[in-house]
Structure formats: structure tokens, C-alpha cells
Amino acid sequence: MKLFGRKATEGEILAGGENAIANKEVEGLSQGQIVRRRFFRHRAAVIALVTLSSIIVFVITALDTKIGPIRIPGWWKWTVEDIPELRYLDCPGGATGCPTFSINPSSNFGLGSHPFGQDDIGRDYFALVMNGARRSLMIMFVIGAVSGFIGVVVGSISGFYGKKIDSVLMRLVDFLQTVPTIIIAAVIGKAAGRVGPLFLALFLGLLGWTGLARLVRAQFLSLREMEFVDAARVAGASNIRIAFKHILPNAIGQIIVTITLIMAGAILTETALSYLGFGVVAPDVSLGLLISQYESSFTTRPWLFWWPGFFIISIALCVNFIGDGLRDAFDPRQRRRITKKDRLQAKLQNKAGE
Amino acid sequence: MLNYILRRIGVSVMILFGSSFLVYNLAAYASDPLAELRLSTDDGARQRIIALTRDLNLDVPPPIRYFMWLKGILGIFVGKFDMGATREASTVQAELAYAIPTTLRLVFAATFTALLIGLALGVISALRQYSRFDYGMTFLAFLLYSLPIFWVAVLLKEFMAIQFNNFLADPNIPIKWMVIMSIVGSVFWSSLFGGERKRFWSVFAGAFATNFVVLWAIDLTDWYLKPGLGPILIGILSGLAAIGITAVSTGLDNKPARNAALSMAGLGVILYYPLQRLFENNGSYLLIIALLLITIGLGYGSSYVFSKIDRGPIARTAILTGVVSGVFIFADRLMQSWTAYRETDAINYRPIPTYGQRNDQLESPDFWIQNLDVITHLILPTLALILISLAGWIRYSRGALLEVLNQDYIRTGRAKGLNERTVITRHAFRNMMLPLSSLFVGEFVGLVGGAVITERVFGWQGMGTLGIKAINGYDLNLLMGVNLLLSILVIFGNLLADLVYSALDPRIRLGK
């Protein structure tokens with residue numbers, strides 16, 4: 001038994017050759033093209049991207065959307081307000097409102113009128129889950145946007161100007177990091193129950209930017225010492241131009257990756273807060289709230305518990321995988337794994353060249 | 001260095017002051033502790049309002065009330081420490097004194113177990129980069145990252161406690177499940193060992209057969225009703241542990257180390273019966289600690305017996321083996337009390353609890369039964385916390401090891417002919433632990449805060465439950481107590497992380 005089996009020996013011998021293969025692939029491409037290529041080569045990330053987009057479209061078009069006075073009808077027949085008749089018959093164990101969704105071809109094949117089942121008073125659970133998923137998605141994107149914006153602005157100012165401004169801003173970051181997020185969010189959430197989920201999202205966004213700010217600051221601190229920044233300065237570029245045109249594009253990879261991580265964390269924070277009763281509160285609906293409401297009925301009516309969980313996990317998983325794909329795509333040191341096929345191809349090309 | 005620490009502490013105190021001021025006022029203005037009482041038409045309500053206003057100084061505006069609270073806190077320097085009163089007329093100190101050990105017990109158990117498992121999985125995953133195992137671990141880590149803890153907790157309650165207790169009432173594993181469990185287990189082992197197709201399938205077959213036989217033996221002997229290891233199994237397990245530890249720690253060709261480890265394992269078997277006698281009469285933590293010290297002493301002594309030179313690594317191997325076989329003996333003793341524990345009135349044949357931190361009805365004064373009670377109550381919440389923090393450790397340790405393996409000194413080590421084991425354990429692993437050591441502190445602190453939900457789901461009376469109680473009951477002093485403790489933990493955790501990092505890594509100089 002080899003405990004510490006070496007695998008890459010052959011690859012290491014060929015390391016020089018591999019560099020050539022990898023470099024050849026990116027010859028004459030712009031940074032954006034390289035990143036896009038690398039991202040689309042990451043199979044899991046692409047699958048995640050497609051899944052997430054379909055979930056978003058699916059969730060948003062399912063129910064009615066109100067934009068001011070305009071009302072765009074959704075394709076699902078029930079809404080959250082409807083209270084259709086509760087299904088009593090043919091449910092296992094005498095439960096009520098079980099799902100009508102069936103993949104058994106011999107009986108009741110198809111969706112039926114309540115594919116996810118019904119809640120205690122007969123509301124359609126599919127509509128409730130869609131509504132909850134919509135809330136959670138909205139909160140996730142708002143938190144991502146707010147934290148991302150503040151984090152980038154604070155971090156770049158701090159890193160670019162350094163000195164006094166830097167130490168003041170970094171003490172602010174320290175300060176916010178000492179406040180335990182879940183406690184303070186719970187205090188606000190308790191009060192925000194009256195104000196609504198958008199306020200909650202904005203507030204959580206205001207708390208969540210500290211890690212990103214530190215990261216952007218570190219990037220700016222190292223990048224501003226680079227030769228190309230000096231060159232730009234000598235050429236007469238203004239501070240704003242240097243920051244936005246020269247430094248920020250170099251840091252954008254890490255920023256985007258961190259924002260995806262913040263977003264994946266945000267959906268979990270929101271559901272956790274709602275679960276504790278400090279986030280979204282009834283009559284509003286969110287995925288965490290649904291789980292917390294039906295936690296005790298798991299043994300008798302498990303579908304009330306599975307579906308919201310399924311949506312939380314799929315959304316968070318997709319965002320995480322997209323983040324991973326982006327990290328690989330933006331990382332300049334990251335090279336594609338050179339497979340046997342590539343080596344063979346390179347060899348053939350060399351021969352053809354000779 | 002001292003200068004640096006003092007300056008950091010000075011800044012931290014300022015930050016603590018600011019953040020507590022902010023939280024205090026935010027909480028005070030966002031909530032009205034008397035709202036419920038004001039709505040009440042009861043006569044007693046007026047009395048309550050007056051009493052509460054007097055006790056908690058509610059007639060003083062919050063910014064000024066904050067300084068009254070701060071005065072109590074600063075009393076720590078003159079010996080009159082006072083964190084204020086809760087709404088139920090007990091003191092915040094008393095509540096915290098009960099809650100802190102509870103949370104720490106939970107978080108310690110979870111962090112260390114998660115660290116050990118996550119580190120092992122991450123390291124193997126990095127050593128087998130781009131293998132099936134690696135991809136599997138990456139997926140597992142992302143899946144665990146995306147799980148809401150309360151959702152996992154409910155599933156654990158249902159399947160690990162309720163269903164498992166049902167299973168224990170009438171234990172017998174159906175053949176179908178034996179096959180499924182064996183297949184899952186052997187897929188794990190064979191992808192862990194990796195290699196070409198032939199090796200993959202031979203490991204698979206071996207693991208499948210072993211798994212199946214073990215499960216079958218467990219089923220036949222009703223092992224989970226009357227569990228126990230006995231001297232023979234302890235001997236086999238300790239022997240395997242001795243070989244495994246030696247292989248990783250010094251390499252199997254180090255003869256003295258191998259002999260020392262094996263003799264420690266043998267010593268464990270020889271001492272099995274005398275130890276049973278000792279455990280029978282008095283079990284206590286003092287005894288356990290004494291035995292641990294003796295084991296360490298014996299391990300150290302065995303390095304003198306087997307070698308004249310280079311005793312450090314030999315002693316290390318022997319001590320590790322000794323501790324592991326000690327753990328086996330300890331586990332065996334706990335298992336012997338399992339039947340007695342199940343049959344107590346308080347447990348009534350449902351040994352895995354879903355709620356609480358202790359069973360209050362359990363009257364048995366027996367040391368082992370009491371410990372079993374603690375352990376069974378720890379299982380579910382610890383498992384939930386482990387699942388959540390495992391993902392981070394797998395990713396961190398994989399990333400850190402890959403980073404280190406790219407360094408020049410690793411190439412130098414290989415070039416000068418060191419074997420792969422030495423390169424990995426001595427050169428790569430130690431350097432990889434540097435960044436992880438500072439992460440560990442952060443993770444620990446984060447878990448203390450993050451245990452809020454776990455505590456609530458499993459009904460533990462810890463810091464998180466206290467915080468929720470404070471928020472729901474508009475109990476400002478209690479909230480501030482929890483908040484202050486968590487903030488202090490974060491600040492000093494960060495300071496400690498930096499200090500540990502600079503102590504371990506000579507390249508880092510703080511305060512320059």
C-alpha cells in the first residue's frame with residue numbers, strides 16, 4: 001500500500017511542455033475572452049449557471065408580479081391569497097393536503113392541482129414556496145449589491161489613499177466586525193418585521209461588507225505599487241482614472257468571487273433569521289419561515305419541509321459553484337489540467353511543424 | 001512585542017466601548033420592554049411597570065443609561081463587577097455563568113472533531129488532486145456549505161434519533177441495507193486509495209467484503225444492544241492503530257518506533273483486566289487524567305527501551321499509540337454501561353435524545369452512566385455543527401496544502417532524495433498548518449456565535465438561547481451581557497490568532 005502515492009510525476013517532467021501548451025491556447029486573446037473561456041470550461045459552474053438562471057426565471061414568472069399599478073399575471077393557477085379546498089382523501093397516514101404530483105404512470109400521472117401539497121388551511125404550497133423563493137432571491141441580490149458596493153468603495157479608498165484615511169476606515173471595519181451579526185440583525189429584524197423584507201436586506205447588506213473591504217484594500221495596497229500605476233501617473237492620469245481604469249480591473253476577479261460568497265452566505269443568513277423569527281415574519285413568506293412553521297410536522301407531512309429546503313440548497317449550491325468557476329477563471333496561476341489528449345495533440349502539431 | 005500587544009489591547013478597548021454603545025442604543029430604541037404590559041388592562045400590570053421601571057432604570061434615556069451600565073462593567077477593576085439585572089430579577093452574571101460552559105462544551109467538541117476529519121479529508125484530497133476522491137470532496141464541501149443548519153438539524157433529529165431509537169427497539173439490519181451500506185463504504189475507500197482500474201476494483205472488493213462481514217457480525221451478535229470491544233478486539237484495533245500511526249509518523253522501516261508503538265498496543269491489552277478492576281471501584285475525571293499522564297510517561301519510557309538515539313519521534317509515535325489504545329479501553333468501559341443506561345427509567349430504551357443537554361430524571365450516580373448521558377446528548381448537536389464547519393476545513397486544508405506543494409523547498413526535498421512521506425509530513429504538512437492555525441481561532445469564535453441556531457433547535461441552554469431570550473423578552477441587560485462576551489471573544493480571538501501566527505512563522509514580525 002502506498003500511503004503517499006505520487007501521481008503527477010509524469011506531468012512534472014513535462015511541466016515545461018505543458019506551459020507551452022497552456023500559453024498557446026491564450027495567444028492573442030483579451031483578458032475578458034480568456035476569463036470567459038476558462039469559465040465555460042468549468043463544467044460544474046456552467047451547469048450551476050444554467051440551473052440558477054432557470055430557477056430565477058421559473059420562480060419569478062410563476063406568480064403575479066406587481067410593478068406599481070401594472071400587474072403581470074403569472075402562469076400558476078393559484079396565488080398565495082387563494083384558499084382552495086383542502087384535500088382530505090387518499091393521503092398516506094390520514095394527513096391532509098398531500099402533494100398531487102405523481103410520477104407513477106398508472107395512476108394520477110402528472111402535476112395535479114397541488115403538486116407540492118397544501119398547508120394547514122389549504123393554501124397551495126407551490127405558490128407559497130415560489131413566493132418564499134422570490135423573497136429569498138431578492139434578499140440575496142440586495143445584500144450582494146449593497147455589501148459589494150460599500151465593500152469596494154471603502155476598500156479602494158482605504159487602500160488607495162492609505163495613511164490616516166486607511167486607519168480610520170479600517171477601525172470602522174474592526175468595529176463592525178466586533179458586533180455579532182446574528183444578534184444585531186435579530187434586534188433589527190425584530191423591529192423590521194413591521195417594515196418589511198427589503199429593509200431587512202438593506203440592513204444585512206450594511207453589515208456584510210467588512211470582509212470584502214479588507215480584501216479590496218489589500219489588493220489596492222499591492223497593486224498601487226506596481227509599475228503600470230507609476231506609468232499611468234507619469235502619463236498624467238488623475239487619481240480617479242488610475243483607481244477605476246488601472247487598479248480596479250486588476251482586482252475585479254477577487255471582488256466578484258467574494259461577492260458570490262457573500263450572496264451564498266446571505267441566503268443562509270436570511271433563512272436562519274427567518275427561522276429564528278427575526279427575519280421575514282408572517283403574513284409575508286420566506287423559505288426559512290416556511291421551514292420553521294412546519295418543522296414539527298415533519299413526521300406526518302414531510303413535503304411541507306422538503307420543498308423549501310430543496311430550493312434553499314439548490315440556490316446556495318448554484319451560487320457557490322458559480323463562484324468557484326469564477327475563481328478558477330480569474331486566477332492567472334490557474335491553468336487547465338493538461339490531459340493525455342492535449343499532450344498527444346501538441347506532439348502531433350510539433351511533428352506537423354517539423 | 002509587548003508594546004504591540006498593549007497597543008492592540010488599547011485599540012480593542014476603544015472599539016469595544018464604541019460597539020457596545022451602538023448596540024445598547026440601537027436595542028434600546030428599537031424595542032420597548034414595557035409594550036406588552038402597557039396593553040394589558042390587568043391591575044398587576046401597572047405595578048409591574050412601576051417595578052420594572054425602577055429596577056431597570058427605564059426612566060433614564062438610553063444614552064445615559066448606557067453609562068450607568070458601563071459603570072457596573074468597569075466595576076471589575078474595583079471588585080464590584082455588575083452586569084445588571086435581568087427582567088426576571090436574577091443577575092446577568094448568574095445566567096451567563098450557567099450558559100458559557102454549555103456553549104463551550106458544544107463548540108469544543110464540534111470544532112476539534114471537524115478539524116480532525118476536515119484536515120484528513122482535505123489533505124488526502126490535495127494529495128490526490130483531480131482524482132475521483134478530490135472531485136467528490138469538492139462537491140461534498142460545496143453541498144455542506146449550502147446546507148441551512150436548522151434544516152440539517154431537523155433531519156438529524158428524525159433519522160438519527162427518532163428512527164434510530166425505533167430501530168434499537170427491534171434491532172435487525174435487513175440484508176438490503178447491509179449491501180447498500182457496504183457499497184457506499186467501499187466506494188469511499190477505493191476512491192480514497194485511488195490508482196488504476198485494477199487497484200480500484202481490488203480495494204473495492206476487499207472493502208466490500210470487510211464491511212459486509214462486520215455488519216453481519218454486528219447483526220448476528222446484537223452488538224448494538226450489548227456493545228463492547230473486549231481485550232481481543234482492543235488488541236486488533238490497537239495493533240492496526242500502531243501500524244498506521246507509525247507509517248504516518250516515522251515510516252514503517254523505523255524499527256524502534258514500530259516496536260515501541262506495538263509494545264504500547266500490547267501493554268494496553270495486558271492492562272485491560274487490571275484496569276477494569278480500577279474502573280469498577282471508582283470512575284472519575286481525576287482517574288482519567290492520571291491514566292493519561294501515566295500513558296504519556298510509559299510512551300516516553302518505551303523510547304528509552306527501544307533506542308539510544310533519535311528518541312523524539314519514537315516517543316511521539318508510542319505516546320500517540322498509547323493514547324489511542326487508551327481511548328479504546330475507555331470506550332469499551334462506556335459500552336459496558338450501555339445496557340444499564342438504556343434500562344434506566346429516565347431513558348426507557350430510547351437512548352438518543354433529540355432535546356436538551358442532560359436528562360434531569362437520570363438518578364444513577366454511576367460515573368459511566370452519567371458520562372454516557374452527556375455523550376448521547378452531545379451527539380446530534382455536535383454532528384450538526386460538524387457537518388456545517390467541515391466544508392470550510394476541507395477547502396482550507398486542501399488549498400493550503402496545494403499552495404505549499406508548489407513551493408521550491410518541496411522540490412528541493414524531493415530532489416535531495418527524501419522519501420515522499422518525509423516530504424509530506426515534515427516539510428509540507430507543517431508549513432500548511434501555519435495559515436490554518438490562525439483560521440482555527442476564527443472558526444472557533446465564529447462557531448460560538450453560530451451555535452445560536454443549533455442551541456435553539458436542540459434546546460440547549462447556552463449563550464445563543466440566552467441571546468434569543470433576551471431579544472424576545474426585550475431584556476436589554478441580558479442582551480448586552482451576551483453581546484459583550486461575544487465581542488470580547490472576537491477581539492481577543494483575532495489578537496490571539498495574530499500572535500500564534502507570528503510565534504509559529506519567523507517570517508512574520510508584528511508591530512513593524
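We name chains A, B, ... by the order of the sequence lines, and we start the count at 1 in each one. These numbers come from the heavy atoms of this one structure, side chains and all, not from hydrogens, waters or symmetry mates.
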Original post:
With only heavy atoms counted, which part of A:Ala264 is less than 4.5 Å from chain B, the side chain, the backbone, both or neither?
Top reply: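 For A:Ala264, there is no contact with chain B at all, as no heavy atom is under 4.5 Å.
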**OP:** Please look at A:Ile291 and chain B and tell me whether the side chain, the backbone, both or neither of the residue comes under 4.5 angstrom of a heavy atom of that chain.
**Re:** side chain
Please identify, among [options], the residue contributing the most non-hydrogen atom pairs under 4.5 Å to chain A.
{"options": "B:Val23, B:Asn472, B:Ile149", "result": "B:Asn472"}
{"options": "B:Leu486, B:Leu26, B:Val154", "result": "B:Val154"}
{"options": "B:Val452, B:Asn494, B:Asn483", "result": "B:Asn483"}

**OP:** Quick one: do A:Leu268 and B:Tyr145 satisfy side chain to side chain contact (heavy atoms under 4.5 Å, CB included)? Show the steps, please.
**Re:** CA-CA 9 Å; A:Leu268 293 184; B:Tyr145 258 138; over 6 Å; no
Against chain A, label [X] side chain, backbone, both or neither, depending on which of its atoms sit under 4.5 Å from a heavy atom there.
{"X": "B:Asn406", "value": "neither"}
{"X": "B:Phe159", "value": "side chain"}
{"X": "B:Val203", "value": "neither"}
{"X": "B:Val11", "value": "side chain"}
{"X": "B:Leu479", "value": "side chain"}

Are there more than 12 heavy atoms of other residues, nucleotides or ligands under 6.0 Å from atom [atom1] of [X]?
{"X": "A:Phe39", "atom1": "CZ", "answer": "yes"}
{"X": "A:Arg171", "atom1": "CZ", "answer": "yes"}
{"X": "A:Trp306", "atom1": "CH2", "answer": "yes"}
{"X": "B:Met160", "atom1": "CE", "answer": "no"}

Subject >> Least distance between heavy atoms, B:Val490 atom then A:Gln177 atom >> reply: CG1-O, 4.0 Å
Original post:
Closest heavy-atom contact between B:Arg395 and A:Asp324?
Top reply: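 Looking at all heavy atoms of both residues, the shortest contact is NH2-OD1, 3.6 Å.
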To the nearest 0.5 Å, what is the distance between [atom1] ([X]) and [atom2] ([Y])?
{"X": "A:Leu273", "Y": "B:Ile453", "atom1": "CG", "atom2": "CD1", "value": "7.5 Å"}
{"X": "A:Asp174", "Y": "B:Met14", "atom1": "CG", "atom2": "CE", "value": "13.0 Å"}
{"X": "B:Thr138", "Y": "A:Asn320", "atom1": "OG1", "atom2": "CG", "value": "12.5 Å"}
{"X": "A:Phe278", "Y": "B:Ile468", "atom1": "CZ", "atom2": "CD1", "value": "5.5 Å"}
{"X": "B:Trp151", "Y": "A:Ile313", "atom1": "CH2", "atom2": "CD1", "value": "4.0 Å"}

Original post:
Any idea which of A:Leu176, A:Thr271, A:Ile312 has the most non-hydrogen atom pairs under 4.5 angstrom with chain B?
Top reply: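 Result: the option with the highest number of such pairs is A:Thr271.
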**OP:** List the steps, then state whether side chain to side chain contact (heavy atoms under 4.5 Å, CB included) holds for A:Phe175 with B:Leu22.
**Re:** CA-CA 10 Å; A:Phe175 176 81; B:Leu22 182 83; 4.0 Å; yes
Original post:
Going through the checks in order, is the side chain to side chain contact (heavy atoms under 4.5 Å, CB included) test met by B:Phe150 and A:Leu276?
Top reply: CA-CA 9 Å; B:Phe150 47 93; A:Leu276 291 176; over 6 Å; no
